[in-house]
Amino acid sequence: MSEPKERKTLDQRHQMSDIDRLRHSCAHVLATAILRIWPEAQLAGGPPVENGFYYDIELGHSITPDDFEKIEAEMKKIVKENSSFTKSTVTREEAIDLINKGRIGAVSDRDVASKYKLEMLNDIPEGEDISLFENNGFIDLCAGPHVGRTGNCKAYKVMSVASAFFKGDNTRESLQRIYGTCFKNKTELSDHLEKLEEAKRRDHRKLGRELGLFHIDEMVGQGLILWKPKGALVRRSLQDFITENLDAQGYSQVFTPHIGKLDLYRTSGHFPYYQESQYAAIPERGALEKLNDDGVSCSDLTNGLSDGSIEGYMLKPMNCPHHIKIYDSEHRSYKDLPVRLAEFGTVYRWEQSGELGGMTRVRGFTQDDAHIFCTPDQVAEEVKKCLDLVKKVLKTLGMHDYRVRLSLRDPDSDKYVGEAENWEKAEQALRDAVKVLGVEYTEELGEAAFYGPKIDFVVKDVIGRDWQLGTVQVDYNLPVRFGLSYVGSDNSKHTPVMIHRAPFGSLERFTGLLIEHFEAKFPTWLAPEQVRIIPLSDKFLESCEAASAELANAGVRVTIDRAAEKVGAKIRLARLDRVPYMLVIGGREAETNSVSVRHRDLEDLGARPLSQFVEDITEEIENRELGPKTQ
RNA sequence: GCUCUUGUAGCUCAGGGGUAGAGCGCGUCCUUGGUAAGGACGAGGUCGGCGGUUCAAUUCCGCUCAAGAGCUCCA
């Protein structure tokens, strides 16, 4: 069967990996089962995907998870019948005839012809072979390849049902997509299912609630994160980390407001072109009353805001225009450049409700943003420094499983601003920079920002989803739109180049991923609570308080567990709370001014003089170690 | 935004046309202990919101809000 979106060439398809071939065959088994259960179904496509396969169908009623058992039982029968996958090649006319007769995408003769199959057939270019695969009396339009027999599909499971648009086009029919997972054997399948369970355990939404890191409140609004005290400590530690690096690299910190006039965004190009992905404009005070008095309608208001006859404000969707205005507030000489303006800037974007999720996809978020204004000659060096910073950040956090994407414009699309010539310069600058970075990268068309190309650091989360985090972008366009300039050594005006960069991307998304990455067992420097002191009994509270004071004095985040519980229960609770260090103080420790140290991951580390522990943990925190040094 | 699923105590969930239950957590008291759960008692719910059907709705129906999965989108 053919891919709905992009047809691969036959050669590419023959290179399909063994596991994809198996999953592809599984999709046919699924389709066979569906048609046996619901002969009126119209099939669309069903390719292999990561970890499994799916098949898109149109059916008069909704399939629910209650049907999965029935579907799997039918699949089991089909597998047991051990029919071979038989390939045949037909002419276009023969294929059309078979579809119209309901023979393709059907188990037996019937009147229903799949309009989707017909359209997919039309998408096959003239001259390319039209091949069919048959199994268990079910014929599908399909280029293959397949495993020999249905009996090879041994380890599969129907996972979920969701909707999907035909050909991924949201103006087309909405189909039901049935997902299945499939592996070579039962062991690999159960390993995969176990991995999914593990992902659930690490889900930042679950851990965030359990550990009191953040909260999303219906009354505050969708996609708006409330950072609770413990989450705020994690965030502060991250911000401190970035700030230290910015200070070292010659950045200047700035603060800007959360709103700006619509004119600012008319100039930048955000308004009105991206209106639907922004919170609605805020009309100026008095404007609504005046319009009301004048009997003006809502659509006049909208038009007025768009054409500028009514002034208003917008929640900022990006920080760049504000930073641009700071740059532009002074005369700049080439000697002043680069000007590097940094801000933890909160931006607001109206993401569609169905796209929101936890901290990783939100409507208000804080970028660890900075804009560098420099001369064209300085671009390469500045981009390199930015990339080094992103690399350093990821390395410090032990995030090694990322890929680098050079996001370029799609030359056929009209969503980009600026001259082609500037785009080519910017894209070349980034390409040169990423080449010396020393990491693998892929170039992807159509992934650029509307004002310029980007280098994105994309990391995979625990269940394999890609997330764009750090980003470095070169922009020749916004400086032109805002008429920015500096005086060069030739005493004439020049336009600076802008670099946008954010090593974390957004603190919300980054923190969400970090929670999952560490399973909330943050390295000590990030842990909201770094040490918990556990008195053996109330008698030792005084010693505990002395130890707590000494640690707090050294800048360590420490608490004392005063509950009327036994040590075992307190240890258990501290571990569930993911506190890196537990210090037990009883008679022995109180007498010698020492502490019995237990680490979250390393269990009992024995007793140590308190002063020694303070020294050790301070060093671990200052160096931002991923874990304690093991002796 | 679309399709499906879900919404009962702070959390995880059971229940079900006659106004509700468990475990954990929380509070008080007892216990003062040596590294993953000591014991007793107690408080806590307009069963997401609005409307409809019904003698009666938390339960059935409609709408709405929110969450989850997938799709589409992500300057």
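Here is the naming used below: chain letters follow the sequence lines, and residue numbers restart at 1 for every chain. This structure is a prediction, so every number in the text was calculated from the model and none was measured. Scope of the values below: all heavy atoms of this structure, side chains included, with no hydrogens, waters or symmetry mates.
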Mind checking the C1' distance from B:G23 to B:U59? Whole angstroms is fine.
24 Å
Take atom CE of A:Met314 and atom C1' of B:A75, then tell me their distance rounded to the nearest Å.
10 Å
Taking any heavy-atom pair under 4.0 Å as a contact, classify A:Ile534: base, sugar-phosphate, or nothing.
nothing
Atom CD of A:Glu218 and atom C1' of B:U6: how far apart are they, to the nearest Å?
13 Å
Considering just the side-chain nitrogens and oxygens of A:Ser277, establish if one lies under 4.0 Å of OP1 or OP2 belonging to B:C74.
no
5'-most by nearest nucleotide on RNA chain B - A:Phe165 or A:Gln278:
A:Phe165
Between B:A43 and B:U5 - C1' atom distance, rounded Å:
35 Å
Decide, yes or no, whether a salt bridge links A:Glu351 with A:Arg509 under the criterion of side-chain N to carboxylate O below 4.0 Å.
no
Any donor-acceptor pair under 3.5 Å between the side chain of A:Arg361 and the base of B:C73?
yes
Face-on cation placement of A:Arg349 at A:Tyr279 ring, 6.0 Å and 45° thresholds:
no
Answer with base, sugar-phosphate or nothing: what part of the nucleic acid does A:Ala448 contact at a heavy-atom distance below 4.0 Å?
sugar-phosphate
Is there ring stacking between A:Phe450 and B:A75, where the centres must be under 5.5 angstrom apart and the planes under 30 degrees?
no
What I'd like to find out is whether the side chain of A:Val161 reaches to under 4.5 Å of the side chain of A:Phe68, using heavy atoms alone.
yes
Could you tell me whether A:Gly587 contacts a base, only the sugar-phosphate backbone, or nothing, with contacts defined as non-hydrogen atoms closer than 4.0 Å?
base
Once you apply the 3.5 Å cut-off to both distances, tell me the Watson-Crick or G-U wobble partner of B:C26, or none.
B:G42
A:Arg205 side chain N/O closer than 4.0 Å to the phosphate oxygens (OP1, OP2) of B:A69?
yes
If you check the A:Ala162 side chain, which of B:U31, B:U35, B:A69 turns out closest?
B:A69
Check the phosphate of B:A37 against A:Lys570, side-chain N and O only, distance under 4.0 Å to OP1 or OP2. Yes or no?
no
Aromatic ring centroids of A:Tyr451 and A:His500 under 6.0 Å?
yes
Just checking A:Tyr274 against A:Phe450, ring centres under 6.0 Å apart?
yes
C1' gap between B:A36 and B:C41, integer Å
26 Å
Looking at A:Asp203 and A:Arg205, is there a salt bridge between them, counting it only when a charged N and a carboxylate O are closer than 4.0 Å?
yes
Describe the nucleic acid contact of A:Gly568 in one word from base, sugar-phosphate, nothing, applying a heavy-atom distance below 4.0 Å.
sugar-phosphate
Spacing of the C1' atoms in B:A9 and B:C26 (rounded, Å):
11 Å
Atom CG of A:Asp538 and atom C1' of B:U32: how far apart are they, to the nearest Å?
7 Å
Distance between the P atoms of B:C24 and B:G33, in whole angstroms?
26 Å
Check every atom of B:A67, B:A75, B:G38 against the side chain of A:Gln222 and return the nucleotide holding the closest atom.
B:A67
To the side chain of A:Glu351, which of B:C73, B:U31, B:C71 is closest?
B:C73
Identity of whatever pairs with B:G21 - Watson-Crick or G-U, under 3.5 angstrom:
B:C13
Re B:G34: Watson-Crick or G-U wobble partner, both distances kept under 3.5 Å, found to be none
Does any donor-acceptor pair link the side chain of A:Ser160 with the base of B:G70 at a separation under 3.5 Å?
no
Nearest to the side chain of A:Pro317, heavy atoms from C-beta on, is which of B:G1, B:A75, B:C74?
B:A75
Using whole Å, report how far CD of A:Gln352 lies from C1' of B:C73.
5 Å
A:Arg588 has a side chain; which of B:G34, B:A69, B:G1 sits nearest to it?
B:G34
B:C71 -> Watson-Crick or G-U wobble partner, both distances under 3.5 Å, gives B:G1
A:Lys521 NZ to B:A36 C1': how many Å, rounded?
13 Å
Work out how far the P atom of B:G25 is from that of B:C11, and round it to whole angstrom.
15 Å
Check ion pair A:Arg363-A:Glu508 (N to O, under 4.0 angstrom)
no
Tell me yes or no: between the side chains of A:His270 and A:Gln278, is some donor less than 3.5 Å from an acceptor?
no
If pairing requires Watson-Crick or G-U wobble contacts with both distances under 3.5 Å, which nucleotide is the partner of B:A66?
B:U6
hbond_proxy A:Glu355 side chain to B:U72 base (donor-acceptor, 3.5 Å cutoff)
yes
B:A37 phosphate, OP1 or OP2: any side-chain N/O from A:Arg575 under 4.0 angstrom?
no
For the residue pair A:Arg608 and A:Phe613, would you count it as a cation-pi contact if the rule is NZ or CZ under 6.0 angstrom from the ring centre and within 45 degrees of the ring axis?
no
Across the strands shown, which category fits A:Gly505 at heavy-atom distances under 4.0 angstrom: base, sugar-phosphate, nothing?
nothing
Nearest to side-chain heavy atoms of A:Leu536, which nucleotide of B:G38, B:G34, B:A36:
B:G34
Sorted by position of nearest nucleotide on RNA chain B, 5' first, the leading residue of A:Ala164 and A:Ala563 is A:Ala563
Distance between C1' atoms of B:G15 and B:A22 (Å, rounded)
11 Å
As a test of reading the structure: which of B:G1, B:U3, B:U35 is closest to the side chain of A:Asp604, going by heavy atoms?
B:U35
Establish whether the base of B:G34 is bridged to the side chain of A:Glu589 by a donor-acceptor pair shorter than 3.5 Å.
yes
Quick one about A:Lys325 and A:Thr256 (side-chain donor to acceptor, distance below 3.5 Å, no hydrogens or angles considered), yes or no?
no
Which of these nucleotides, B:A36, B:G38, B:U31, is closest to any side-chain atom of A:Glu565?
B:G38
Roughly, in whole Å, what's the span from OH in A:Tyr179 to C1' in B:C4?
13 Å
So what's B:U58 paired with, Watson-Crick or G-U wobble, going by both distances under 3.5 Å?
none
Closest listed nucleotide, where the reference is the side chain of A:Ala449 and the choices are B:G38, B:A75, B:U32:
B:A75
Please measure how far the C1' atom in B:A75 lies from the corresponding atom in B:G68, and state the result in whole Å.
28 Å
Output the single nucleotide from B:U32, B:A67, B:A36 whose closest atom is nearest the side chain of A:Arg598.
B:A36
Figure out the CE/C1' separation between A:Met219 and B:A67, and round it to whole Å.
17 Å
Whole angstrom is fine here: how far is it from CD1 in A:Ile216 over to P in B:C11?
14 Å
